[in-house]
Amino acid sequence: MKVLKFNRELIKRLKIAGIRLEDEQFVDLYNDYSTLLENGEKVSYIVACLSDKYAISERKVYGLIKRFKSDCKMSAV
C-alpha cells in the first residue's frame, strides 16, 4: 500500500496519458517492432514473428502496436 500511496501522482498521470500498467511487459515487443519496421520488414511479417516470440495472438500484437503508437498524447504530457 505504501508504494501506491507514494506513487499515486505518477500513476494518475500515466492513467490520464492512456498508459496501462500491464503494458510494461510489452515495451520490448514494441521496440522489436520499431527496429524491424526500420529495417524494412513488412508489418504482417513483423506481427507474425512477434506473436511467436512473445507467445500472444497476432490480434493482440496489432492491438498493442496501435495503442503504443497513440499512447503519447500531447495533451497528456
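Heads up: numbering here begins at 1 and tracks the sequence. Computation of the quantities below employed the complete heavy-atom set of this structure, encompassing side-chain atoms and omitting hydrogens, waters and symmetry-equivalent molecules.
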Working to the nearest 0.5 Å, report the span between [atom1] of [X] and [atom2] of [Y].
X   : Y   : atom1 : atom2 : value
F26 : F68 : CZ    : CZ    : 7.5 Å
S51 : K60 : OG    : NZ    : 12.0 Å
T35 : Y30 : OG1   : OH    : 10.5 Å
C49 : L29 : SG    : CG    : 11.0 Å

Next on the checklist: What verdict does the side chain to side chain contact (heavy atoms under 4.5 Å, CB included) test give for L50 and L64, after you've listed the backbone C-alpha separation in whole Å, the side-chain angles of each residue and the deciding distance to 0.1 Å?
Outcome noted: CA-CA 11 Å; L50 295 177; L64 289 166; over 6 Å; no
Item to check | Verify same cluster id: I16, I11 (apolar side-chain graph, 4.5 Å) | outcome: no
Residues in side-chain contact (heavy atoms from CB on, under 4.5 Å) contact with [X], at least two apart in sequence or another chain:
X   : result
L14 : L10, I19
R59 : S57
V27 : N31
E24 : none

Checklist entry - What residues, two or more places apart in sequence or in another chain, satisfy side-chain hydrogen bond (donor to acceptor under 3.5 Å, both in side chains) together with K53? => result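 With sequence neighbours excluded, K53 shows a side-chain hydrogen bond (donor to acceptor under 3.5 Å, both in side chains) to D32, given in chain and number order.
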Item to check | Selection residues 38-48 - residue pairs positive for salt bridge (charged side-chain N to carboxylate O under 4.0 Å, His left out), sequence neighbours left out | outcome: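 Residue pairs with at least one partner in residues 38-48: there are none.
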